[in-house]
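What follows is a short report on a single structure.
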Amino acid sequence: MNSAVAILSVLLVCVATVLIAINGLRLSRTTGDFYVASRTVKPWWNASAIGGEYLSAASFLGIAGLIVVSGQDGLWFPIGYTAGYLMLLLFVAAPLRRSRAYTIPDFAQIRLGSMTLRRLTSFLVVVICWLYIVPQLHGASLTLGISTGLPGWLGSVLVMGIVCVTVLAGGMRSITFVQAFQYWLKLAALAIPVVFLLLHLSVTGESATLDGAVFDRGTGSGANKGLYYNISLLVALLFGTLGLPHVLVRFYTNPDGPSARKTTAIVLGLLALFYIFPTILGVLGRAYTPELAISGNADATVLLLPGRILGGTAGDALTAIIIGGAFAAFLSTSSGLVVSLAGTISQDLFRGTVRGFRISTVIATVVPLLVALGTSSLALAGAIGSVFAFTAATICPLLLLGIWWRGLSVAGAISGMLTGAISCAVSLGLASVLPNEPGSMHALLAQPAAWCVPLAFLVMITVSLATRRSTPARIDAVMARLHVPEARLDTLP
């Protein structure tokens with residue numbers, strides 16, 4: 001790979017990101033602009049922005065890598081990522097928008113009126129966002145190191161520096177423009193190489209090599225996870241999507257509930273379109289870079305394929321396009337997470353002011369950067385899968401029961417969230433230190449969503465039933481606001 005071309009590609013994406021963010025600064029003046037873009041983002045624009053922030057390093061690089069390692073089992077990730085949005089459409093999008101909250105902790109306080117619950121929710125949102133940001137920075141380090149030969153840590157510093165600038169520039173208003181642009185950039189950055197690679201293979205007659213390349217279980221360290229692991233992973237992805245803070249805050253930017261539903265429906269189409277291309281690249285990777293599964297570098301599949309199949313100037317050109325798209329993925333997802341973090345921290349520590357939002361932005365970027373610089377991981381999709389499991393066991397039960405069950409109590413919500421957080425964290429911690437041996441409980445611990453999520457729901461419901469007298473006095477008014485038709489909202493107290 002020509003390192004000069006790769007560096008130019010990264011710089012072009014970074015410059016374009018900053019310029020678009022500066023345009024957002026011109027429009028951002030009020031608190032509402034910084035937190036929720038004044039709730040004026042139209043469905044197509046918002047859907048593109050959601051696609052931009054949701055399609056992270058795990059989607060851009062990790063999906064293809066998982067298919068290289070695990071064969072058909074790797075397909076559960078794009079299926080789960082997309083299907084999770086269907087659940088958002090059905091159960092969360094419109095009621096959450098009607099709640100008039102700025103953040104998830106705001107929703108928790110509006111629904112149950114407890115500062116203790118709000119603080120716990122804020123803490124979990126901060127943990128989830130930081131855990132989600134770190135794999136983006138690992139992906140940036142991997143991409144910059146492979147493509148340019150520069151120290152990988154520069155990739156992490158560059159991403160967080162650009163994200164900090166763009167979020168400081170105009171908050172949600174700025175990154176809405178940035179993320180919408182970056183979705184289409186990421187789509188093109190995978191679609192163009194896929195088209196050229198498939199055309200080349202068809203012309204040279206090498207396409208027969210792909211026959212059956214994905215329809216087996218694989219031979220790498222991630223192969224043969226078993227039925228339980230795949231079911232638990234799907235539970236994590238489906239329910240985890242409902243609790244992702246940086247995705248949920250996007251629904252607060254829609255003008256009304258119907259717009260939130262329309263946005264979600266459009267996102268489903270955008271995600272389905274996008275995931276076609278990393279899946280194809282994963283199949284190509286199994287045929288042309290199978291050694292990456294053994295060496296543990298499968299996340300580099302997308303970056304290495306053009307050079308392996310084409311080589312020369314054409315291979316360098318396609319790789320440069322992919323590198324630009326990869327950095328767009330790191331930047332867009334990280335910026336969405338930082339906005340969500342800054343909003344939560346500012347509301348709880350700095351009274352929700354614009355100045356507090358900007359101070360919180362610096363805090364939200366520095367901490368995960370330090371963690372990323374001190375750690376390393378190449379299993380991008382797997383790392384994100386663990387975050388989804390944690391989110392599914394904590395934020396998701398609060399939202400689903402808070403929206404759809406009037407019997408949820410403060411004690412029930414707190415108990416359920418603590419149960420989900422502790423059980424999931426302990427399980428993942430044990431899985432990281434225990435040997436992965438046949439017949440062991442490693443799979444049960446490494447992918448705990450199948451039992452942690454039901455346990456969190458069960459505790460939340462049981463404790464709520466036992467403490468039903470503590471149900472908030474204004475519960476009927478709050479539930480009505482979440483569920484009445486949009487036209488009647490102004491008549492409610």
Side-chain angles (χ1 to χ4, degrees), residues 31-32 34-36 53 92 96-97 99-134 167 171-172 175 240-253 334-368 370-371 387-403 408-425 456 459-460 472 478:
T31 300
F34 275 82
Y35 283 91
V36 291
E53 71 179 358
V92 173
L96 194 62
R97 168 59 187 87
S99 71
R100 295 184 178 177
Y102 277 131
T103 63
I104 296 176
D106 283 345
F107 170 81
Q109 186 174 15
I110 290 170
R111 173 63 178 82
L112 291 164
S114 167
M115 284 302 299
T116 302
L117 176 63
R118 181 193 177 93
R119 294 189 184 100
L120 173 61
T121 307
S122 297
F123 172 77
L124 292 175
V125 166
V126 169
V127 170
I128 289 166
C129 288
W130 278 341
L131 290 176
Y132 210 119
I133 290 173
V134 171
V167 176
M172 181 64 80
I175 70 161
T241 302
L242 272 65
L244 292 178
H246 64 301
V247 172
L248 293 172
V249 74
R250 273 269 155 221
F251 293 110
Y252 302 136
T253 67
S334 297
S335 59
L337 289 160
V338 167
V339 164
S340 182
L341 267 172
T344 297
I345 295 172
S346 175
Q347 289 279 346
D348 287 349
L349 299 182
F350 301 105
R351 299 181 181 179
T353 63
V354 171
R355 181 175 180 273
F357 183 91
R358 286 175 162 153
I359 295 172
S360 301
T361 296
V362 176
I363 297 172
T365 55
V366 170
V367 173
L370 294 176
V371 173
V387 178
F388 270 72
F390 187 82
T391 305
T394 52
I395 303 297
C396 173
L398 171 69
L399 286 174
L400 283 182
L401 293 179
I403 290 172
L408 180 66
S409 71
V410 173
I414 292 174
S415 300
M417 293 174 75
L418 286 175
T419 299
I422 294 171
S423 61
C424 188
V459 170
M460 199 171 284
V478 173

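What's counted below: heavy atoms across the whole structure, side chains too, no hydrogens, waters or symmetry copies. Start at 1 with the first residue, then count along the sequence.
Taking CG from L244 and CD from E53, the interatomic distance works out to 9.0 Å, rounded to the nearest 0.5 Å. To the nearest 0.5 angstrom, F388 atom CZ is 10.5 Å from L242 atom CG.
Between P245 and I128, some side-chain heavy-atom pair lies under the 4.5 Å cut-off. For the pair L408 and R111, the minimum side-chain heavy-atom distance is below 4.5 Å. Here the side chains of C129 and V125 are in contact, with some heavy-atom distance below 4.5 Å. Considering only heavy atoms from C-beta on, L96 comes within 4.5 Å of L399 through its side chain. Two residues are said to be in side-chain contact when any heavy atoms from C-beta on lie closer than 4.5 Å; V127 and T394 fail this criterion. When side chains are defined from C-beta on, R118 counts as touching D106, because their heavy atoms get closer than 4.5 Å. Looking only at side-chain heavy atoms (C-beta outward), R358 and V362 stay at 4.5 Å or farther from each other. Side-chain atoms of T121 and F107, non-hydrogen and from C-beta on, never get closer than 4.5 Å to each other.
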side-chain contact (heavy atoms from CB on, under 4.5 Å) evaluation trace for V92 with L400: CA-CA 7 Å; V92 173; L400 283 182; 4.2 Å; yes
Residues L398, L124; criterion side-chain contact (heavy atoms from CB on, under 4.5 Å); working and verdict: CA-CA 12 Å; L398 171 69; L124 292 175; over 6 Å; no
side-chain contact (heavy atoms from CB on, under 4.5 Å) between W130 and V371, intermediate numbers included: CA-CA 9 Å; W130 278 341; V371 173; over 6 Å; no
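Annotation: ring pair (Phe, Tyr, Trp, His ring centres under 6.0 Å) contacts of F390 (sequence neighbours excluded): none.
Atom CZ of F123 has 12 or fewer neighbouring heavy atoms from other residues, nucleotides or ligands inside a 6.0 Å radius.
Pairing each heavy atom of S360 with each of A342, the nearest pair is CB-O, 3.5 Å.
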